[in-house]
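Only this structure's heavy atoms are used, side chains among them; waters, hydrogens and symmetry mates stay out. Because the structure is a prediction, the values reported are computed rather than measured. Each chain gets a letter, A, B and so on, in the order the sequences are listed, and its residues count up from 1.
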Protein chains: 2
Amino acid sequence: MKVGIEAGEVSKASVTRERVINKGVSVIDFILRIVACFGTLGSAIAMGTARQTFPFSTRFIRFKAVYSDLPMFSFFVIANAVVCGYLALSLPFSILHIITRAAVKSRIVLATFDTAMMALLTAGASAAAAIASLAHNGNPSTNWFAICRQYRNFCERVSGSLIGSFVGITIFMLLIILALVAISRR
Amino acid sequence: MKVGIEAGEVSKASVTRERVINKGVSVIDFILRIVACFGTLGSAIAMGTARQTFPFSTRFIRFKAVYSDLPMFSFFVIANAVVCGYLALSLPFSILHIITRAAVKSRIVLATFDTAMMALLTAGASAAAAIASLAHNGNPSTNWFAICRQYRNFCERVSGSLIGSFVGITIFMLLIILALVAISRR
């Protein structure tokens, strides 16, 4: 009889520990989503407000540089804004997962959307990074000249705005791994 | 007694059906990996062998165009080659998952690597697509001219080589979703 009670106690303790870990995973998921939301929002705003105007103009130096001059930078702003909106909308589901442990289907659906959003964000950030690198270094083979010599401030802002996006991509990878772990432990 | 046997039969049939579905998911996983491996291999080879030489040269037209002229195209080739190699190495694990249903931990590890490889492939394809789009259209704001007017064959080959990569990205998304489903059904 005593053995039975002890076994029951051990099993109860182990179940409680499991639940605490599962709740911890869900709470980390929630926090990571908020961080990624702010990261992508910051990226979108930093790129969207990047502009540099010159009070003078010569034959070779243009008046001003804005993000919408390059379609890849526009795509970057749109991708970051969409991902930030998605992350904000996903927060209620993340809270639901903290409360109810069993919601496997909604976890799968959320992880599926996370995967799609990660692809979108990676595509946007990578395209913008490719153009930013070209703007910094130019390319002699194609006669594309580095524009960052003239537009130093604009280029610095553009390069800085990539950081939030790459933080977001890393967080999406963690979110997918957390979802895999949470589903396996349910 | 009869009821009990019937219940047992129903449960046995349901277990068999479950197993068939699980095995089906693993077989689809295996096939998708092979398709993605050939897709990325094709992309790497198509981009790596893209070159165009002119028998003549003027002041404005260069002698030849190869993928290594642009660092983003080199990155594209490397990313595709790495992903193709990873997919080939992951095939034994995929076979293991067809045979043993319970291997949850190895499924999580494989899905984690899949996520990382998806990010790498998306970054490579997106950077190459950004440069290919620039080569096609140029950009008047930055005085980067469209080089595809001169290098038509090179540009067509480059654009075509992107297809295999984007097929690969789609397959990686499917693989992650399949892993989520497989882990939830174990």
Side-chain angles (χ1 to χ4, degrees), chain A residues 60 62 64-66 68-72 75-76 104-105 107-112 114-116 118-131 133-135 137-147 150-151 166 169-170 172-177 179-186, chain B residues 60 62 64-66 68-72 75-76 104-105 107-112 114-116 118-131 133-135 137-147 150-151 166 169-170 172-177 179-186:
Chain A
F60 298 106
R62 284 177 57 249
K64 61 171 185 162
V66 292
S68 52
D69 285 343
L70 286 150
M72 297 80 177
F75 175 51
F76 177 83
V104 173
K105 272 184 194 164
R107 272 184 210 273
I108 293 178
V109 170
L110 204 60
T112 304
D114 283 352
T115 311
M118 188 184 99
L120 175 65
L121 190 61
T122 311
S126 177
I131 300 302
S133 141
L134 208 58
N137 306 317
N139 191 288
S141 312
T142 52
N143 286 324
W144 293 337
F145 299 107
I147 57 161
Q150 285 102 54
Y151 298 102
F166 281 103
I169 294 166
T170 315
F172 267 116
M173 291 176 67
L174 291 176
L175 286 178
I176 294 169
I177 297 167
L180 288 162
V181 171
I183 290 169
S184 76
R185 291 178 70 90
R186 117 214 97 102
Chain B
F60 299 107
R62 284 177 57 249
K64 60 170 185 163
V66 291
S68 53
D69 286 343
L70 286 150
M72 297 79 177
F75 175 50
F76 177 83
V104 173
K105 270 183 194 166
R107 273 185 209 273
I108 293 179
V109 171
L110 205 60
T112 303
D114 283 351
T115 311
M118 189 183 99
L120 175 66
L121 190 60
T122 311
S126 176
I131 300 302
S133 140
L134 209 57
N137 305 317
N139 190 288
S141 313
T142 53
N143 286 322
W144 293 338
F145 298 107
I147 58 161
Q150 285 103 56
Y151 298 103
F166 282 103
I169 294 166
T170 315
F172 267 118
M173 290 175 66
L174 291 176
L175 286 178
I176 294 169
I177 296 167
L180 287 163
V181 171
I183 290 169
S184 76
R185 291 178 70 89
R186 117 212 97 101

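- For chain B, the option among A/Leu134, A/Val104, A/Ile131 with the highest count of heavy-atom pairs below 4.5 Å is A/Leu134.
- For A/Asp69 (side chain) and B/Thr142 (main-chain N/O), no donor-acceptor pair under 3.5 Å exists by modelled atom type.
- Here A/Ile183 contributes atom CD1 and B/Arg107 contributes atom CZ; the two are 13.0 Å apart, rounded to the nearest 0.5 Å.
- When B/Gly124, B/Gly138, B/Ala111, B/Ala127 are compared by the number of non-hydrogen pairs under 4.5 Å with chain A, B/Ala127 comes out ahead.
- Neither the backbone nor the side chain of A/Ala125 comes within contact range of chain B; no heavy atoms are under 4.5 Å apart.
- The distance from the OG1 atom of A/Thr112 to the CD1 atom of B/Ile177 is 4.5 Å, given to the nearest 0.5 Å.
- No other option in A/Ala179, A/Pro71, A/Ala130 has as many heavy-atom pairs under 4.5 Å with chain B as A/Ala130.
- Interatomic distance, CZ of A/Phe75 versus OG of B/Ser133, reported as 11.0 Å (0.5 Å rounding).
- For B/Met173, the parts lying near chain A are the backbone and the side chain together; criterion is any non-hydrogen pair under 4.5 Å.
- Using a 4.5 Å cut-off between heavy atoms, A/Ala119 contacts chain B through both its backbone and its side chain.
- For chain A, no part of B/Ala128 is nearby; none of its heavy atoms comes within less than 4.5 Å.
- Taking CH2 from A/Trp144 and CD1 from B/Ile147, the interatomic distance works out to 5.0 Å, rounded to the nearest 0.5 Å.
- Expressed to the nearest 0.5 Å, how far CD1 of B/Ile108 lies from CD1 of A/Ile176 amounts to 13.5 Å.
- Proximity of a side-chain donor or acceptor of B/Asn143 to a complementary backbone N or O of A/Phe145 within less than 3.5 Å is not detected.
- For A/Leu70, the parts lying under 4.5 angstrom from a heavy atom of chain B are both the backbone and the side chain.
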